[in-house]
Amino acid sequence: MGTLRDLQYALQEKIEELRQRDALIDELELELDQKDELIQKLQNELDKYRSVIKPATQQVHKASALQEQHRTKRQAISGEPTAFDIHELSHVTLPFYPKSPQSKGLIKEAILDNDFMKNLELSQIQEIVDCMYPVEYATDSCIIKEGDVGSLVYVMEDGKVEVTKESMKLCTMGPGKVFGELAILYNCTRTATVKTLTNVKLWAIDRQCFQTIMMRTGLIKHAEYMEFLKSVPTFQGLSEEILSKLADVMEEVSFLSVLVELSAICSHCSLHSSGSAFQVSCPGLTEPFELI
């Protein structure tokens with residue numbers, strides 16, 4: 001009988017061990033499901049970014065090849081045919097819609113808070129703000145439908161919307177948020193559905209108007225860079241084509257911020273403003289120098 005009791009006790013231990021293993025397996029399966037859900041969510045975000053970056057990159061290569069063939073200047077990228085002449089664009093009259101100071105501030109802050117649009121120049125943001133027009137939707141209205149071709153981007157001023165993808169809720173958004181921005185970056189289909197949960201008031205801008213602003217700014221910058229390069233004695237012997245390529249890759253750098261950091265690091269350095277020039281003095285320098 002002692003042997004039987006030992007066997008029964010050993011069996012109970014094995015059963016308890018199996019139960020613990022089953023509980024551990026259940027926990028691991030739950031954790032695995034959560035990780036799968038996170039991976040799927042990240043994959044959806046990656047697909048969304050690729051839908052913009054890859055076509056835009058292809059467009060850059062096509063534009064570069066075409067410009068090399070015709071020896072023309074590099075222009076802004078567009079998902080649809082547009083005018084590339086700076087004189088034509090400079091005479092394009094963009095629409096203007098009056099807004100309260102509060103609405104202007106809300107739109108500006110929403111753009112600066114958006115990953116796709118926060119690096120725009122302030123002059124570009126100001127034009128976008130001026131061109132946005134009011135749109136209103138009632139409760140339970142569909143603003144954006146997944147799979148449709150989009151051409152508008154919105155900024156929410158009042159109300160609340162729900163964002164879903166493949167019938168799965170992603171998030172809800174309130175005032176001060178940008179949505180539908182992929183449509184103005186490239187002519188792609190909507191990646192999610194946006195429906196109203198309340199009455200909403202929005203501001204909208206279409207892709208053509210947005211791209212006109214971007215192209216005009218780009219062409220003006222290119223012309224300014226060309227004028228600057230032609231004034232540099234070292235570059236005066238270069239052809240128009242080479243100067244244009246140099247202008248394409250030029251980037252503006254603010255030396256003021258660098259000098260302010262330098263002053264913070266070196267307590268002996270001083271920065272003085274004189275009109276449009278800045279004079280830097282430091283004991284390590286034989287004489288002060290100016291930046292204009």
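Residues: numbered from 1 along the sequence shown.
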Using a 3.5 Å distance criterion without hydrogens, assess whether the side chain of [X] forms a donor-acceptor pair with backbone atoms of [Y].
X: Arg207; Y: Gly150; result: yes
X: Ser244; Y: Glu240; result: no
X: Thr196; Y: Asn199; result: no
X: Glu109; Y: Leu106; result: no
X: Lys99; Y: Val129; result: yes
X: Thr198; Y: Gly159; result: no
X: Arg190; Y: Gly180; result: yes
X: Thr217; Y: Ile213; result: yes

Does the side chain of [Y] come within less than 4.5 Å of [X]'s, by heavy atoms?
X: Tyr133; Y: Leu152; value: yes
X: Glu181; Y: Asn114; value: yes
X: Gln124; Y: Glu121; value: yes
X: Leu24; Y: Leu28; value: yes
X: Asp26; Y: Glu29; value: yes
X: Thr193; Y: Lys195; value: yes
X: Ser231; Y: Gln236; value: no

Requested in this report: Determine, step by step, whether Val200 and Val161 satisfy the side chain to side chain contact (heavy atoms under 4.5 Å, CB included) criterion, reporting the C-alpha distance in whole Å, the side-chain angles of both residues, the deciding distance to 0.1 Å, and the verdict.
Outcome: CA-CA 8 Å; Val200 299; Val161 298; 4.1 Å; yes
Query raised in the report: For the residue pair Asp158 and Pro175, what are the closest heavy atoms and their distance?
Result: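 Shortest heavy-atom contact: CA-CG, 4.1 Å.
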Would one find more than 12 heavy atoms of other residues, nucleotides or ligands at under 6.0 Å from atom [atom1] of [X]?
X: Ile15; atom1: CD1; answer: yes
X: Glu37; atom1: CD; answer: no
X: Asp140; atom1: CG; answer: no
X: Phe96; atom1: CZ; answer: yes

Query - Working for side chain to side chain contact (heavy atoms under 4.5 Å, CB included), residues Leu202 and Val155 - result: CA-CA 6 Å; Leu202 310 167; Val155 173; over 6 Å; no
State the [atom1]-[atom2] distance between [X] and [Y], to the nearest 0.5 angstrom.
X: Glu127; Y: Arg216; atom1: CD; atom2: CZ; result: 5.0 Å
X: Glu241; Y: Leu246; atom1: CD; atom2: CG; result: 11.0 Å
X: Leu197; Y: Met173; atom1: CG; atom2: CE; result: 10.0 Å
X: Asp22; Y: Glu27; atom1: CG; atom2: CD; result: 11.5 Å
X: Ile111; Y: Ile205; atom1: CD1; atom2: CD1; result: 8.0 Å
X: Met226; Y: Asp248; atom1: CE; atom2: CG; result: 9.0 Å

**Report entry** Side chains of Asp206 and Ser151, donor plus acceptor under 3.5 Å
**Finding:**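 Short answer, no.
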**Report entry** Candidate pair Trp203 and Val135, rule side chain to side chain contact (heavy atoms under 4.5 Å, CB included), full reasoning
**Finding:** CA-CA 6 Å; Trp203 295 98; Val135 181; over 6 Å; no
Query raised in the report: Can you say whether the rings of Tyr137 and Tyr154 are parallel (under 30°), tilted (30 to 60°) or perpendicular (over 60°)?
Result: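 Plane angle over 60°, so perpendicular.
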Query raised in the report: Is a salt bridge present between Lys177 and Glu157, judged by a nitrogen-to-oxygen distance below 4.0 Å?
Result: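 Judged by the 4.0 Å cut-off on N to carboxylate O distance, Lys177 and Glu157 do not form a salt bridge.
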**Report entry** Derivation of the side chain to side chain contact (heavy atoms under 4.5 Å, CB included) call for Lys118 and Asp113
**Finding:** CA-CA 6 Å; Lys118 63 183 179 183; Asp113 188 51; over 6 Å; no
Same hydrophobic cluster for [X] and [Y], using side-chain heavy-atom links shorter than 4.5 Å among ILVMFWY?
X: Phe228; Y: Leu238; result: yes
X: Leu112; Y: Met117; result: yes
X: Val194; Y: Met168; result: no

